[in-house]
Structures are given as structure tokens and as C-alpha cells.
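Each remark here refers to the structure printed beneath this line.
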Amino acid sequence: MVQRLPEPQDVLDCLELNAFDTPPYYSTSSESFRNSIEGYSAPQGMYDPVIRSLHNLAHLFLNGTGGQTHLSPNDPIFVLLHTFTDAIFDEWLRRHQPGDIVYPEEDAPIGHNRRFNMVPFWPPVTNAEMFVPAPENLGYSYEVQWPARPLTLSEIITVAIVVAVVVVAALGGLIACAVRIHSQGSAETLEPLLAETYRRYSEEDRRLDKSQSVV
Ligand SMILES: O=C1C=c2cc(C(=O)O)[nH]c2=CC1=O
């Protein structure tokens with residue numbers, strides 16, 4: 001149905017979204033990590049009815065069995081796709097402070113409020129109980145090398161300014177040292193202004209000068 005898969009940058013973009021979910025907690029939510037990773041909003045967060053991204057885009061790429069909601073678990077790739085989606089969710093939990101995270105207490109579609117059980121799992125388990133980083137709470141972890149985020153323009157400018165200041169300071173220090181060493185070397189060859197041939201103005205002369213001026 002589509003000829004392209006999500007890009008690494010799409011994963012990085014959705015990991016930057018702060019809110020787990022936003023009203024109406026549905027496939028029309030904007031700025032929602034949940035709706036972006038699910039693939040109804042753009043990876044950067046804005047909802048647009050024509051957009052399919054991340055999880056949904058991969059389903060559409062699979063096409064056939066893997067592209068239809070009521071059949072897709074029959075395609076073995078389903079497990080890989082949903083495992084990787086869970087790995088992104090786990091990374092998102094790790095990157096965001098507990099204060100950023102708001103799992104809807106109410107008003108989400110049936111079964112999706114914080115304290116609702118996740119149907120059809122048995123024994124019953126709530127959404128809140130699964131809303132935790134896996135390594136510390138669920139006994140498994142993912143080995144994923146997340147792509148590095150490219151620097152933003154303002155970060156590049158900041159780094160360039162810091163490097164320029166350090167280079168200028170280092171060059172200034174080197175030039176100051178060179179000038180000092182050079183001037184020390186030439187001072188040794190200077191002639192003293194008061195050569196031995198001139199008589200020095202002594203304390204005795206000064207006393208004599210004073211007595212003369214009184215007269
Ligand atoms: O199996 C699924 C198939 C899907 C197709 C879409 C879509 O956005 O059109 N979303 C899907 C989710 C599935 O789980």
C-alpha cells in the first residue's frame with residue numbers, strides 16, 4: 001500500500017515529544033507521543049488525517065496479511081514490529097522525567113484509562129502497571145543503538161563560538177609568551193643608561209644644594 005518505511009529520524013523525533021498523550025486521547029490527538037508512535041500523527045507530533053507514520057506506516061508497507069488490523073498478528077513480522085515499537089516506548093519512558101509523563105486518568109477510550117485492566121490479559125493487569133521502564137520492573141531490556149540526534153543550528157553556532165573563543169585564547173597566550181621571551185632576550189644586550197663615566201648624584205650633593213639655596 002505504501003513504498004516506504006519509517007526513517008531513523010522519525011524515531012528520534014517522536015522520542016522528543018514530552019506528553020505521553022493529549023486530549024481527546026484518540027487517533028486525532030496532536031503533540032502526543034502515543035499517537036505519533038502509533039502512526040496517526042506526524043513523528044513531530046501534529047495530527048493530520050492524511051499522515052501515516054511509524055507503527056502504522058510499517059503495517060501499510062507490509063500490505064497483505066500484515067496490513068489489515070484483524071489479520072496482521074498472523075504475519076510473523078508482527079512480533080518484530082510490535083517488539084520494536086515497545087522498545088521505542090521503553091526508551092521514551094527512560095528519557096522523560098516522571099513529571100513529564102501523564103497517563104490519562106479518565107476520558108480515554110474504553111480500556112485505556114490509567115486504572116483500567118488491559119483486556120484480554122489474565123491475570124488482570126492495569127495500564128498503569130505496564131507504564132514502567134522494562135529493565136527495572138518487567139525483567140527484560142532491549143539492546144538498541146539509537147541513532148544520534150544531529151545538532152540543531154543553535155547548538156552548532158554555540159559549539160563554533162566556544163571553539164573560536166578557546167582558539168583565540170590559546171593563540172593570545174602563545175603570542176604573549178613569544179613576545180615575553182623575545183623581549184627578555186633583547187634586554188640582556190641593552191646598554192645601561194648610566195654608564196660608569198657619569199658621576200652619580202649622591203646624598204652629599206643634595207645636602208650641599210640645600211645649603212646653597214638658603215644663602
Ligand atoms: O494490523 C494493523 C494494520 C493497520 C493499518 C493501519 C493504518 O493506519 O491504516 N493501522 C494498522 C494497525 C494494525 O495493527
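This structure is a prediction, so every number in the text was calculated from the model and none was measured. Counting starts at 1 for both ligands and their atoms, in listed order.
The protein non-hydrogen atom at the shortest distance from atom 6 (C) of ligand 1 is Asn56 OD1, 3.9 Å. In this structure, the protein non-hydrogen atom closest to atom 5 (C) of ligand 1 is Gly67 O, 3.7 Å. Nearest to atom 14 (O) of ligand 1 among the protein's heavy atoms is His59 NE2, 3.2 Å. In terms of protein heavy atoms, atom 7 (C) of ligand 1 is closest to Arg52 NE, 3.4 Å. Nearest non-hydrogen protein atom to atom 1 (O) of ligand 1 is Ser72 OG, 2.4 Å.
Closest to atom 3 (C) of ligand 1 by heavy atom, among Thr69, Leu81, Leu60, is Thr69.
A single hydrophobic cluster is seen to contain both Phe89 and Tyr103, as judged by linkage of ILVMFWY side chains at heavy-atom distances under 4.5 Å, directly or through other members.
Between Pro6 and Val11, the closest side-chain pair of non-hydrogen atoms is not below 4.5 Å. Looking only at side-chain heavy atoms (C-beta outward), Asn127 and Asn113 stay at 4.5 Å or farther from each other. Taking 4.5 Å as the limit, some side-chain heavy atom of Trp146 sits within range of a side-chain heavy atom of Leu15.
Taking the six-membered ring where the residue is Trp, His55 and His59 present perpendicular rings, their angle passing 60° and hence far from 30°.
Here the shortest heavy-atom pairing between Pro133 and Glu136 reads CB-OE1, 3.1 Å. Smallest separation of non-hydrogen atoms from Leu17 and Ser32: CD1-O, 3.9 Å.
Atoms of ligand 1 found under 4.0 Å from any heavy atom of His55, numbered from 1 in the order shown, are 12 (C), 14 (O). Ligand-side atoms of ligand 1 in range of Gln68: 1 (O), 3 (C), range being under 4.0 angstrom from any heavy atom.
Checked against a 3.5 angstrom limit, the closest N/O atoms of His82 and ligand 1 fall outside it.
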